[in-house]
Amino acid sequence: MNEKIERLKQLVRESDNIVFFGGAGVSTESGIPDFRSVDGLYHQQWKYPPETILSHSFFARDPEEYYRFHRAKLVIEGVKPNRAHLRLAELEREGKLKAVITQNIDGLHQAAGSKHVLELHGSILRAYCSKCRKPFPADVINYGQGVPRCDCGGVIRPDIVLYEEPLDEDILHQAISYIRRADVLIIGGTSLNVYPAAGLINYYRGNKLVLVNLSETPYDSYADLVIHEKIGEVFDQI
Ligand code: OAD
C-alpha cells in the first residue's frame, strides 16, 4: 500500500465524523461512464450536446428527443455497487461516516446499503408528473415508449435536476451542514466543475480534506491529501 493510501487509512481510523462528497467517477468502476473524461458522456456523438439535452428548456421543447437520450444513455441495465460504494456503506454502519453527498443519480449508494445519502441532482429511480406532481415508478419512463403522460395530461419526468433548474434547497442545506461539521471530508470521483455542487467544498472548515480523483481538479492545491487513483481500488484498501 502506498504512503498516501496509508495516510487516508489512518485518517479514517481516527475519525468518527467523516463526510463523503462524490460524483460520476464513483460509478465508473460499476460500468457507468462519467461526463467529462475522454470516454465520458460529453465526448459521445449525439444530435445535440448532452448538456443541451439535459436542460430544462430542451425537456420542455422536445421531450421526445430528451427521452430518446435518457433511455439510450442514462438508463443502464444491471449495474451494481463497486468497492467504493460498499466500503462507504460499511463506514456508515461502523458509525464513522455521517453522510454521503452525491451528484450521481444512479442510486448505487443506497443499493450498497448506505442510509444517509443526499442526492444533490435527484435520482433516475424516481419520477413524477410535471403538472400535478403525482409520483410514478421510474419504469414508466425508463422502460416506456415515447413521452409518458399522467392521467391529468401532464408530462411525467424523471426526478433529476436538469441544467437551468435549482437544486433542492433542503438537500443543499443539509449537505452544507454536514460539510461544515465534518472532521474528515473525502471528495471523490468528481471534476468539481459543476456549480453549485462543486462550491460545497468551500464550507469545509477542517484540515483533513482528501481528494481521490483520477485526474486533477481545480481544488487539488486546497486539499491536505490528493490521491490520483481509482476510487474503488483506494477504498478497497482503507
Ligand atoms: P465528471 O465527469 O465531470 O467528473 C468525473 C471525475 O471522476 C473526472 O475528473 C474523472 O477523472 C474522475 N474519475 C473517473 N473514474 C474514476 C475512478 N474510477 N476513480 C476516481 N476518479 C475517477 O462528473 P461529475 O463531477 O460528477 O450534472 O459531474 C458533475 C455533474 O455534471 C453531474 O452530476 C451532471 C453533469 O452535468 C447534471 O446532470 C446536473
Side-chain angles (χ1 to χ4, degrees), residues 2 4-5 8 20-44 46 48-59 66 69-70 72-76 79-88 100-109 112 117-126 157-168 171-172 175 186-201 210-223 225-238:
N2 73 40
K4 288 183 167 189
I5 298 178
L8 174 58
F20 180 80
F21 171 41
V26 176
S27 293
T28 53
E29 287 163 81
S30 293
I32 303 177
D34 65 10
F35 295 90
R36 292 175 184 79
S37 293
V38 280
D39 51 352
L41 201 53
Y42 289 172
H43 293 265
Q44 299 176 14
W46 204 257
Y48 303 92
E51 300 95 310
T52 304
I53 302 177
L54 290 169
S55 71
H56 181 86
S57 47
F58 190 92
F59 182 78
Y66 170 86
F69 180 86
H70 182 102
K73 292 292 167 191
L74 300 188
V75 181
I76 299 170
V79 285
K80 291 200 176 71
N82 63 50
R83 290 168 295 177
H85 299 106
L86 293 168
R87 181 67 180 128
L88 284 164
V100 168
I101 301 163
T102 182
Q103 299 164 86
N104 297 347
I105 57 174
D106 53 35
L108 286 180
H109 286 293
V117 183
L118 297 172
E119 294 175 312
L120 294 171
H121 293 161
S123 172
I124 199 176
L125 304 177
R126 298 187 299 266
R157 60 162 288 173
D159 190 2
I160 61 176
V161 177
L162 297 169
Y163 279 100
E164 306 159 358
E165 292 179 340
L167 303 197
D168 181 300
I171 293 177
L172 198 54
I186 306 175
I187 300 186
T190 173
S191 61
L192 292 171
N193 265 317
V194 174
Y195 287 82
L200 284 175
I201 193 170
V210 184
L211 286 185
V212 185
N213 205 61
L214 268 185
S215 56
E216 284 183 16
T217 78
Y219 287 90
D220 281 14
S221 59
Y222 293 80
L225 178 62
V226 180
I227 303 176
H228 286 149
E229 291 185 46
K230 286 190 173 175
I231 193 161
E233 292 176 7
V234 172
F235 271 75
D236 203 29
Q237 298 173 65
I238 63 168

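Counting starts at 1 for both ligands and their atoms, following the listed order.
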Quiz prompt | Nearest heavy atoms of I187 and F20, plus distance in Å | solution = C-CE1, 4.5 Å
Quiz prompt | Backbone N/O of S30 and side chain of S27: donor-acceptor pair under 3.5 Å | solution = no
Quiz prompt | Residues in contact with ligand 1, criterion: heavy atom under 4.0 Å | solution = G23, A24, G25, T28, E29, D34, F35, R36, S37, Y42, Q103, H121, V161, Y163, G189, T190, S191, V194, N213, L214, S215, E229, K230, I231
Quiz item: What closest approach, in Å, do A198 and Y219 show between heavy atoms, and which atom pair accounts for it?
Solution: O-OH, 4.1 Å
Quiz item: Just by modelled atom types, is the G188 backbone N or O under 3.5 Å from a matching donor or acceptor in the N213 side chain?
Solution: no
Exercise. Report yes or no: does T28 contribute a side-chain atom to a donor-acceptor pair with the main-chain N or O of G25 at less than 3.5 Å?
Key: yes
Quiz item: Are the side chain of E29 and the backbone of N82 linked by a donor-acceptor contact shorter than 3.5 Å?
Solution: no
